[in-house]
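One structure is given here, and the rest of the page talks about it.
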Amino acid sequence: MSKILFKDLAEYFGKEIEIQGFVDKIRDLQYVQFVVLRDSTGKIQMTIEKNEDNKILNDIVSSMTKESTILAKGTVFEQEKVKLRGMEFIPSNIEITSKSEEELPIDILDYNNKSKQDLRLDNRFLDLRLDKNYLIFKGQTLAEMAMREYWIKNDFIEIHSPKILGTASETGAEVFELEYFGKKVYLAQSPQFYKQMAMGAGFNNVFEIGPVFRAENSHTAYHATEFTSVDCEISWIKSHEEVMDLEEEKLVHVMKTLKETIGDNFKTIFKKEIMVPENRFPRIPFLEAKQIVQENYKYFGEKSYDFDRREEELICLYAKKKYNSEFVFVTDYPFEARPFYHMLDEKTNLTKSFDLLYKGIEITTGAQREHRIDVLKKQALEKDMSLDSIDFYLNFFKFGMPPHGGYGFGLTRFLMRLFEVDSIRDVTFLYRGPNRVMP
RNA sequence: GGUCCGGUAGUGUAGUGGUUAACAUGCCAGUCUGUCACACUGGAGAUCGCGGGUUCAAGUCCCGUCCGGACCGCCA
């Protein structure tokens with residue numbers, strides 16, 4: 001790769017180089033012109049004096065518009081006078097490689113006239129030019145890398161399960177129907193059944209990072225109809241505690257990696273620190289968590305068997321205060337709130353399941369799965385499911401199935417809370433929701 | 001799906017039923033000895049989401065409709 005990234009320009013002081021970038025700002029004064037250029041890694045000021053020798057360059061700058069792309073040849077120098085990084089680029093040649101229209105549909109400078117979200121999403125390619133948006137996707141890339149690093153080190157296999165399904169994948173959410181050569185098929189809501197199949201295949205430990213589809217008509221800041229789900233499943237476990245150990249260890253590695261690689265940028269742009277967990281994540285049984293919320297915050301949720309949004313926020317507040325943890329596991333939910341394949345604890349009759357909450361929102365659901373086919377069938381019937389519709393799935397359990405468990409992790413929800421942005425739309429490359437399928 | 005709120009120059013907002021719809025920013029032109037959110041002067045730019053109604057008069061009030069947002073429910 002020969003392109004010189006702007007972040008590395010200090011390595012080239014005094015050398016004749018070629019740079020390319022977007023025109024960020026133009027300040028055309030009487031005797032001198034300043035053009036600030038931008039690439040994804042930084043900015044650099046280009047300075048051109050107005051005189052006879054520079055006439056050609058001066059005319060090019062005069063005809064330039066912001067957000068155009070240019071290619072410039074010249075020399076970069078240390079220059080104390082320049083507040084932007086204390087350096088400047090003196091061009092000997094400038095070529096406008098693509099000229100932008102004068103007026104942009106959104107205000108990407110974003111000082112005080114922050115454009116409305118709907119308009120920004122219509123023009124997402126411009127919105128994404130902001131450095132904070134670049135950092136979000138850099139963060140996503142690194143988070144995924146850190147997870148893969150952890151899994152590969154621990155002998156996991158990566159799978160790619162199908163997204164076109166002959167039957168719904170049963171997360172409890174609504175499914176999208178599709179016409180498929182005259183038949184009705186569904187978009188996957190979750191790789192759930194297939195990662196369990198991998199357990200039956202003897203793969204021991206698997207993971208998948210991929211898209212899932214939910215036909216929920218949800219109008220909130222933390223729902224999307226298509227999002228990236230991070231799933232993993234492990235064999236030969238004795239309880240859901242082991243699944244939580246796994247997720248916790250993985251997340252600590254992710255947070256460490258993020259802090260090390262983008263911690264400084266994160267602080268500059270978002271004015272916040274990435275907090276690497278120092279203690280174990282608290283694990284609070286659901287029934288106890290209910291009580292804690294009621295006793296400490298005098299809040300009584302309507303449903304006895306599940307949390308509402310407010311309860312999720314309050315238990316996170318409690319975990320932060322009492323354990324100084326941004327993460328908290330809530331465990332052992334009643335069967336009523338869980339899908340049929342979660343294993344029940346024989347003593348308590350509660351599920352061997354957990355949710356992981358992060359800064360006030362649910363980012364994971366996990367459990368030990370029921371691997372005994374007779375019990376599994378019984379639980380499906382209790383949830384009013386037809387055994388015919390999941391016949392292919394039950395089949396996985398007929399010929400030896402290791403005890404296993406796993407979890408699904410909402411990557412976008414995680415990013416949303418990591419960067420503390422208000423909407424899942426800001427951490428999704430192109431958001432898909434009930435009212436948006438374009439661009 | 002439910003409740004509430006909103007839609008006015010490119011963008012973000014203001015706008016007591018009554019002149020030429022205001023402000024900021026952006027854009028264009030000019031002025032300006034190195035700017036750095038440059039500054040200054042001037043200019044262009046709005047069928048006030050759409051349709052109907054009330055009224056002498058509607059951006060403003062009423063009804064409908066479309067689009068969007070927040071919260072709730074559902075879930076990652």
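Throughout, protein chains are lettered first and strands after them, A, B, ... in sequence-line order, and every chain is numbered starting at 1. Keep in mind it's a predicted model, so treat the numbers as computed, not measured.
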(Q) If you only use heavy atoms from C-beta on, which nucleotide in B/U35, B/G12, B/G69 is closest to the side chain of A/Q117? (A) B/G69
(Q) Over 60° means perpendicular and under 30° means parallel, so tell me whether A/F156 and A/F207 are parallel, tilted or perpendicular. (A) tilted
Q.
Under 6.0 Å between ring centres: does that hold for A/F286 and A/F307?
A. yes
Q) Just wondering, do A/Y31 and B/G34 stack (centres under 5.5 Å, planes under 30°)? A) no
(Q) Checking contacts here: which listed nucleotide (B/C72, B/G26, B/A76) is nearest the side-chain heavy atoms of A/R309? (A) B/C72
Q | Separation between the P atoms of B/U60 and B/C50, rounded to whole Å | A | 11 Å
Q. Given B/G68, B/C75, B/U13, which nucleotide is nearest the side-chain atoms of A/K116?
A. B/U13
Q.
As a test of reading the structure: which of B/G68, B/A76, B/G1 is closest to the side chain of A/H219, going by heavy atoms?
A. B/G1
Q: Compare the minimum distances between each of B/G34, B/A76, B/C27 and the side chain of A/F34, then state the nucleotide with the smallest one.
A: B/G34
Q. Of all the choices, B/G73, B/G68, B/U35, which nucleotide is nearest to the side chain of A/V82 once you look at every atom?
A. B/U35
(Q) Side chains of A/K163 and A/S161: any donor to acceptor distance under 3.5 Å? (A) yes
Q: Whenever both distances are under 3.5 Å in a Watson-Crick or G-U wobble pair, mark it; put RNA chain B into dot-bracket that way, with [ ] for crossing pairs and | when the partner is on another strand.
A: (((((((..((((....[...)))).(((((.......))))).....(((((..]....))))))))))))....
Q. Counting only side-chain N and O atoms of A/Y222, is one of them less than 4.0 Å from OP1 or OP2 of B/G73?
A. no
**Q.** Separation between the C1' atoms of B/C61 and B/U55, rounded to whole Å
**A.** 10 Å
Q) What interatomic distance, in whole Å, is found between P of B/U25 and the corresponding atom of B/G18? A) 28 Å
Q | Test of ring centre spacing under 6.0 Å for A/F213 and A/F176 | A | no
Q: Could you work out the separation of B/A21 and B/A58 based on their C1' atoms and round it to a whole Å?
A: 13 Å
Q. Cut-off 3.5 Å, side chains only: do A/Y194 and A/D231 have a donor facing an acceptor?
A. no
Q) Distance between the P atoms of B/G53 and B/G6, in whole angstroms? A) 25 Å
**Q.** salt_bridge(A/K195, A/E208) N-O dist < 4.0 Å
**A.** no
